[in-house]
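Taking it in order: structure first as structure tokens, then the write-up.
Scope of the values below: all heavy atoms of this structure, side chains included, with no hydrogens, waters or symmetry mates. For ligands, and for the atoms within them, numbers begin at 1 and follow the listed sequence.
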Amino acid sequence: MPVPNVRHSEVDVLIIGAGPAGLMCANALANARVNVRIIDKRAVKVATGQADGISPRTIEVFQSYGLGERLLRESCEVHLAAFYNPNSTGGIETNKVFRLNGVEVALHQGAIESIFLDSMKELGVEVERSTIPTSIELSTDENELTDPSSHPVRVALQRLDLPEGESKEEIVHAKFVLGADGAHSWVRKTFDISMDGEQSDFIWGVLDMVPETDFPDVRNKSLIHSNYGSCLVVPREADRVRIYMQLADEDVINPETGRVDKDKMGPEQLLKVAQKSLHPYRFIPTNGISWWTLYIIGQRVASKFSIKDRVFIAGDACHTHSPKAGQGMNASMNDAHNLAWKIALVLRGWADMSLLSTYESERRKYAQELIAFDKMYSTLFSGKPMTEQNRDGVSHEQFLKAFQMFGGFTSGIGVHYSPSVVVNDSNQELASGLVIGQRFPPQKFIRAADACPIEIQDLLPSDSRFKLLVFAGKFGDPAQQARVESMVKDMQRPECFLNRYAMPGKSSTDSRFDVFTVSQGRKDDIQFMQFPAFLRPHWSKVLIDDIDVTGSFGGNGYSRYGIGPQGALVVVRPDGYVGAIASLDNVEELDTYFASFMKTSS
Ligand SMILES: Cc1cc2nc3c(=O)[nH]c(=O)nc-3n(C[C@H](O)[C@H](O)[C@H](O)COP(=O)(O)OP(=O)(O)OC[C@H]3O[C@@H](n4cnc5c(N)ncnc54)[C@H](O)[C@@H]3O)c2cc1C
């Protein structure tokens with residue numbers, strides 16, 4: 001039989017792996033109208049199980065892509081965390097219940113993936129399943145590597161499901177490749193990227209069920225420290241509950257083979273372990289165990305997240321950690337969220353290739369912090385609790401302090417990117433509540449044109465554009481009004497970033513930037529037409545720091561953001577992070593910020 005010709009094709013971005021990281025990236029790139037393909041070796045998607053916790057920051061990210069409504073509709077909200085310790089009668093009792101640092105939601109990975117798959121389908125992108133890469137080569141030609149329009153990555157793909165005789169091979173020439181292929185990443189191994197950290201792995205048992213129970217915190221996230229082991233109870237959608245248990249090697253590993261033995265620890269045995277830790281509370285599955293796994297994971301970070309800023313790895317491919325801090329899916333999807341806009345800007349010719357190096361500097365540092373947190377938390381979680389008999393054990397206060405101390409971190413809200421070409425940490429004092437390098441925090445304002453209450457984060461979608469927020473201060477004050485008018489003149493200079501990087505044929509504020517104005521004052525005293533036309537390119541773009549008519553929303557935004565009556569200019573990156581702050585009198589500082597990575601249109 002003749003060997004069929006091998007097909008060659010070109011693509012801007014090839015994503016290998018359609019888990020949460022790969023799908024987040026594919027959806028973000030599809031939204032940015034990037035030419036993207038995504039492959040996965042699995043013939044069908046994950047149906048249920050695996051990761052399930054979505055942090056407050058990840059919810060915001062879903063909202064920024066217009067996917068928040070469905071996520072919230074399908075998932076289960078978690079507001080409280082309860083802590084249980086051993087009591088004097090051999091059972092457990094709660095001694096603290098407190099509010100989480102922002103609402104979390106829980107939904108199984110299969111449903112999360114469906115949200116992305118449906119969104120991508122509308123944009124014409126679908127996962128190519130039963131497909132694996134068999135080789136990957138990166139050009140060594142420096143000219144090719146530095147030219148964003150070149151295709152320096154050559155990937156051979158193989159289809160696993162085609163009948164005999166049909167060509168199963170294709171050579172893809174890609175501008176960029178993302179390895180989002182999970183903890184055993186083929187891309188990572190092929191480029192010989194080491195995983196640094198602890199060599200030993202931990203074994204977790206996981207059960208999903210709808211329980212019949214008298215446990216009072218069954219609808220709260222509950223961290224149980226008992227004399228029979230620790231476990232974590234997480235409420236889930238549709239009355240389900242998930243229980244995580246960290247298991248001892250000897251309970252799971254077959255000493256002869258050194259491998260996990262599912263006969264030693266199946267769902268019945270896992271249920272017994274859980275029931276023992278949760279005694280005296282009853283936990284009886286009403287309809288059997290709906291999903292279970294033995295999940296083996298180490299605490300490691302890849303030594304590199306990119307090769308020459310042409311091949312990247314994201315998600316479990318570059319960091320693994322225990323599931324108890326609920327970060328697996330979150331960290332993975334947020335890697336992709338960080339990378340996608342940078343690739344999109346480079347492909348559009350808006351940004352220099354050097355922007356791409358901030359993916360590794362920002363996300364690897366975060367991953368290292370996550371592993372350090374996970375190690376500390378794991379030690380406390382798996383340590384014996386302090387009791388009358390065991391005075392050296394982990395005290396309840398120690399555990400609680402760790403949980404609270406890292407609340408900002410695990411919620412994703414405290415994630416902080418260090419200074420770089422896209423994070424300029426000057427002028428923090430002008431807006432002390434908007435931490436440069438952290439995500440822009442939510443706040444309700446009143447729209448000047450119609451007094452409608454508006455959540456400012458809703459004006460910051462992940463649409464590849466930088467947002468310029470002009471906090472105009474007390475516009476009613478004549479001196480401040482004069483400052484604002486002088487600032488507008490500065491912004492109309494040809495060399496100002498808004499004009500320098502304008503898209504040919506479009507108005508300066510209609511292209512790479514979106515401009516909003518936020519004024520101090522009362523709605524009753526302010527008409528939006530009072531503002532210079534430059535600051536109100538559309539009627540919806542002027543906000544006032546006032547309270548809505550019901551008295552329920554808005555007000556105190558300036559004081560929350562630490563901005564005085566003299567105002568401030570705030571740049572928000574396309575991923576929602578504060579990139580730079582400048583005074584109204586110093587627009588040139590923003591010219592310098594954008595000049596460090598942005599390119600003029602050719
Ligand atoms: C069995 C299992 C159980 C888990 N249980 C939990 C849990 O209970 N709680 C928790 O928080 N986390 C759990 N996790 C981890 C969680 O699923 C991950 O942290 C999260 O999904 C990370 O997303 P990711 O996209 O980086 O990787 P993954 O979700 O692993 O996705 C990687 C994708 O790449 C594909 N792929 C891999 N190799 C190739 C290849 N060579 N070619 C093409 N495609 C490839 C895979 O099929 C997969 O679809 C579990 C993971 C597994 C595998």
**Item:** Within reach of ligand 1, part of Asp52 (heavy-atom separation under 4.0 Å)
**Value:** neither

**Complete:** Checking heavy atoms under 4.0 Å, the part of Ser332 that sits near ligand 1 is side chain

Checking the side chain of [X] only, and the main-chain atoms of [Y] only, is there a donor and an acceptor separated by less than 3.5 Å?
X	Y	result
Ser114	Gly110	yes
Arg188	Ala183	yes
Gln269	Gly266	yes
Lys304	Glu360	no

Taking the minimum heavy-atom distance to [atom], which of [options] ranks first?
atom	options	answer
atom 24 (P) of ligand 1	Pro20, Ala43, Ala183	Pro20
atom 16 (C) of ligand 1	Met329, Gln109, Met24	Gln109
atom 2 (C) of ligand 1	Lys41, Arg129, Gln50, Arg242	Gln50

4.0 Å heavy-atom contact, [X] with ligand 1:
X	answer
Trp204	no
Met333	no
Thr320	no

Around [atom], find the nearest protein heavy atom and jot down its residue, atom name and distance.
atom	result
atom 48 (C) of ligand 1	Asp40 OD2, 3.4 Å
atom 30 (O) of ligand 1	Gly182 CA, 3.6 Å
atom 41 (N) of ligand 1	Trp186 CB, 3.8 Å
atom 20 (C) of ligand 1	Asp316 OD2, 4.0 Å
atom 4 (C) of ligand 1	Tyr295 CD1, 3.6 Å
atom 31 (O) of ligand 1	Gly19 CA, 3.4 Å
atom 25 (O) of ligand 1	Ala21 N, 2.9 Å
atom 37 (C) of ligand 1	Asp181 O, 3.2 Å

For [Y], is there an ion pair with [X] - N to carboxylate O distance below 4.0 angstrom?
X	Y	result
Glu369	Lys365	yes
Asp575	Arg573	yes
Arg363	Asp335	yes

**Message:** Is there a polar contact, in the sense of an N or O pair closer than 3.5 Å, between Tyr244 and ligand 1?
**Reply:** yes

Against heavy atoms of [X], which atoms of ligand 1 measure under 4.0 Å?
X	answer
Thr131	43 (C)
Ala180	32 (C), 33 (C), 34 (O)
Arg42	47 (O), 49 (O)
Val206	8 (O)
Gly315	26 (O)
Gly328	19 (O)
Pro133	41 (N), 42 (N)

**Request:** For side chain to side chain donor-acceptor pair (under 3.5 Å), just list the numbers for Thr320 and Asp316, CA-CA rounded to whole Å, side-chain angles, deciding distance to a tenth of an Å, and then say yes or no.
**Result:** CA-CA 5 Å; Thr320 58; Asp316 278 12; over 6 Å; no

**Message:** If the test is side chain to side chain donor-acceptor pair (under 3.5 Å), which one of His8, Arg7, Gln158 qualifies with Glu170?
**Reply:** Arg7

**Asked** Do the ring planes of Tyr359 and Phe312 sit parallel (below 30°), tilted (30 to 60°) or perpendicular (above 60°)?
**Response** perpendicular

**Qualifying residue, where the test is salt bridge (charged side-chain N to carboxylate O under 4.0 Å, His left out) with Glu104 and the options are Lys221, Arg57, Arg99** = Lys221

**Complete:** salt bridge (charged side-chain N to carboxylate O under 4.0 Å, His left out) test vs Glu128 passes for just one of Arg37, Arg42, Lys41, namely Arg37

**Item:** Val13 and Ile343, any side-chain heavy atoms less than 4.5 Å apart
**Value:** yes

**Message:** Within 45 degrees of the ring normal and closer than 6.0 Å to the centroid, is that where the cationic atom of Arg310 sits relative to Phe176?
**Reply:** yes

